[in-house]
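All of these numbers come straight from a predicted model, not from anything done at the bench. Along the sequence shown, residues carry numbers from 1.
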Amino acid sequence: MSGYKNFAVIGAGALGSYVIRQLLEEKAAGIVNQVVVLTRQGSNTTVNGDAKVVAVDYSKKETIKSAFAGIDVAISTIAGEALNLQPSIAEAAKEAGVKLFVPSEYGSVTEGATEGLFATKASTQSQLKAIGIPYMLFYTGPFPDLVFVSDFLLDLSSGKVTAGGDGNTKISFTSMADVARYLAFVLTRLSAEQLHNRSFSIAGDTRCLNEVFQQYEAKTGKKLDVTYAPVSKLDAKIAANPQDLAAYLHKVWATAGPFQTLNNDLYPEWNPSSVIDNLVA
């Protein structure tokens, strides 16, 4: 056991809501003592269950430090556009005595990245090392219950989808619910030595996009209109607009390949869901 019983979750959006719910289940079971949820000042975020919601002005370190009082582990689930807030949040966590900081990763491996969103995440990793706060990097691949929408050129509802390259590169996927279960488990069951300054890679399922499309068509009887985007075309789109997240992610999915080493075995009873199970009820 890590001995960690007091948790703060930064953000209560897509993934954050799952993490909060899972930690509250652990609290109901007597494994966790306290769950604090940090939200942006002025937001109308509400949380069902026995969690303390604290509205924070992220431009004022003292208000963040106050929210972290008595917290063992800070888990950041903030979205990409707010990643620039993480350095000041991490500094506040360090000064407040937080014992472990989990930055917002949850996708592909970003260590050593030098461009785009991943470079921002890599910079945060460097900052965590520089200030000396123990950290845990958590890689999950894309969330199948989030990315198959028009924003990511994977609009199953309209039947129009895109795949970078030839669509045959394997991708490690994990659903948000499975991420939350795994995260809560390892943070409360593993020792601090097993958690500190380590990276964990997990996958609920490993599929190429072509396989996902074929499974979806077989399950639903719907024919998909698939467009293949060469990596050179994706590079051109990124060069023209560095903020084109869909193009950037499709390039990563077309070139990175699946995780080579997985830590699924650290949670023997995990049994994560498949991609298709998240797409078709």
Worksheet item: In Å, rounded to the nearest 0.5 Å, how long is the span from OG1 of T77 to CE of M176?
Response: 11.0 Å
Discussion item. Under the criterion side-chain contact (heavy atoms from CB on, under 4.5 Å), I'd like the reasoning laid out for F200 against L195: C-alpha separation, chi angles, the key distance, then a yes or no.
Written reply: CA-CA 9 Å; F200 291 73; L195 298 172; 4.1 Å; yes
Discussion item. Can a donor-acceptor pair be found, under 3.5 Å and without considering hydrogens, that links the side chain of S201 to the backbone of Y139?
Written reply: no
Discussion item. Determine whether the aromatic ring centres of residues Y135 and F101 are separated by less than 6.0 angstrom.
Written reply: no
Item to complete: Tell me, with the steps shown, if V212 and F148 meet side-chain contact (heavy atoms from CB on, under 4.5 Å).
Response: CA-CA 10 Å; V212 175; F148 285 89; 3.7 Å; yes
Fill in: From CA spacing to verdict: side-chain contact (heavy atoms from CB on, under 4.5 Å), T120, N84
CA-CA 7 Å; T120 302; N84 63 322; 5.7 Å; no
Worksheet item: Under 3.5 Å, is there a donor-acceptor pair linking the side chains of S274 and D277?
Response: yes
Discussion item. Can you confirm whether Y216 sits close enough to L224 that some side-chain heavy atom of one is under 4.5 Å from a side-chain heavy atom of the other?
Written reply: yes
Practice prompt. Look at K94 together with E91 and state whether they make a salt bridge at an N to O cut-off of under 4.0 Å.
Written response: no
Worksheet item: Considering residues, nucleotides and ligands other than N48, do more than 12 of their heavy atoms fall under 6.0 Å from its CG?
Response: no
Worksheet entry | Residues forming a side-chain contact (heavy atoms from CB on, under 4.5 Å) with S43, sequence neighbours excluded | T39, T45
Item to complete: Please examine the side chains of I78 and Q86, heavy atoms only from C-beta on, and report whether any two atoms are closer than 4.5 Å.
Response: yes
Worksheet item: Could E115 and K251 be called an ion pair, given the rule that one side-chain N must be under 4.0 Å from one carboxylate O?
Response: yes
Item to complete: Decide if atom CZ of R40 counts as having more than 12 heavy atoms of other residues, nucleotides or ligands within a radius under 6.0 Å.
Response: no
Item to complete: Measure from the side-chain N and O atoms of S123 to the backbone N and O of A119, and report whether any donor-acceptor pair falls under 3.5 Å.
Response: no
Practice prompt. Would you sort out whether F185 and W270 count as a side-chain contact (heavy atoms from CB on, under 4.5 Å), showing the intermediate values?
Written response: CA-CA 9 Å; F185 181 89; W270 188 36; over 6 Å; no
Practice prompt. Taking the six-membered ring for Trp and the single ring otherwise, decide whether the centroids of Y248 and F118 are under 6.0 Å apart.
Written response: yes
Discussion item. Are Y267 and R181 packed together at the side-chain level, in the sense that at least one heavy-atom pair is separated by less than 4.5 angstrom?
Written reply: yes
Practice prompt. Please tell me if the side chains of Y18 and D178 come closer than 4.5 Å, counting only heavy atoms from C-beta onward.
Written response: no
Discussion item. If I compare all heavy atoms of A246 with all of L153, which pair ends up nearest, and what's the gap?
Written reply: CB-CG, 4.0 Å
Worksheet item: Under the 3.5 angstrom rule, does the side chain of T63 hit a backbone N or O of D57 as a donor-acceptor pair?
Response: yes
Worksheet item: Which value, rounded to the nearest 0.5 Å, describes the distance between D50 atom CG and Q34 atom CD?
Response: 9.5 Å
Practice prompt. Could you tell me whether K121 and E111 have a side-chain N and a carboxylate O separated by less than 4.0 Å?
Written response: no
Worksheet item: When you look at K170 and E211, which way does the salt bridge (charged side-chain N to carboxylate O under 4.0 Å, His left out) test go after all the steps?
Response: CA-CA 9 Å; K170 297 285 188 180; E211 287 179 296; 2.7 Å; yes
Worksheet item: So how far is it from H196 NE2 to I133 CD1, rounded to the nearest 0.5 Å?
Response: 9.5 Å
Fill in: Minimum side-chain heavy-atom gap M136-L100 below 4.5 Å
yes
Discussion item. Between N263 and F259, is there a side-chain heavy-atom distance shorter than 4.5 Å?
Written reply: no
Discussion item. As an exercise, state the distance from OG of S172 to CZ of R207, rounded to the nearest 0.5 Å.
Written reply: 12.0 Å
Worksheet item: Would K222 and E217 count as a salt bridge (charged side-chain N to carboxylate O under 4.0 Å, His left out) if you check the C-alpha gap in whole Å, the side-chain angles of each, and the deciding distance to 0.1 Å?
Response: CA-CA 5 Å; K222 298 177 181 177; E217 289 177 334; over 6 Å; no
Worksheet entry | salt bridge (charged side-chain N to carboxylate O under 4.0 Å, His left out) assessment of D155 paired with K160 | CA-CA 6 Å; D155 191 5; K160 294 182 180 298; over 6 Å; no
Practice prompt. Walk me through it: do E26 and R189 pass the test salt bridge (charged side-chain N to carboxylate O under 4.0 Å, His left out)?
Written response: CA-CA 11 Å; E26 300 286 352; R189 271 76 168 186; 3.0 Å; yes
Discussion item. Looking at I31, is its backbone amide N or carbonyl O close enough to the side chain of K5 to form a donor-acceptor pair, meaning the two atoms are under 3.5 Å apart?
Written reply: yes
Worksheet item: Are any of the side-chain heavy atoms of I71 and V36 separated by less than 4.5 Å?
Response: yes
Worksheet item: Considering all heavy atoms of both residues, which atom of A90 and which atom of Q127 are nearest to each other, and what is their separation?
Response: CB-OE1, 3.7 Å
Worksheet item: In Å, rounded to the nearest 0.5 Å, how long is the span from CD of Q125 to OG1 of T110?
Response: 4.0 Å
Worksheet item: Would you say the side chains of S273 and N278 form a donor-acceptor pair under 3.5 Å?
Response: yes
Worksheet item: Which atom names give the shortest non-hydrogen contact between V98 and A74, and what distance separates them?
Response: CG1-N, 3.8 Å
Item to complete: For P142, enumerate each residue passing the side-chain contact (heavy atoms from CB on, under 4.5 Å) test, keeping only those at least two apart in sequence or located in another chain.
Response: V147, I171, F173, W253
Fill in: Main-chain N/O of C208 paired with N168 side-chain donor or acceptor, under 3.5 Å
no
Worksheet item: Does a donor on one side chain sit under 3.5 Å from an acceptor on the other, for N210 and Y228?
Response: yes
Worksheet item: Atom OG of S191 and atom CD of Q194: how far apart are they, to the nearest 0.5 Å?
Response: 3.5 Å
Fill in: Donor-acceptor contact present, side-chain S17 to main-chain G13, <3.5 Å
yes
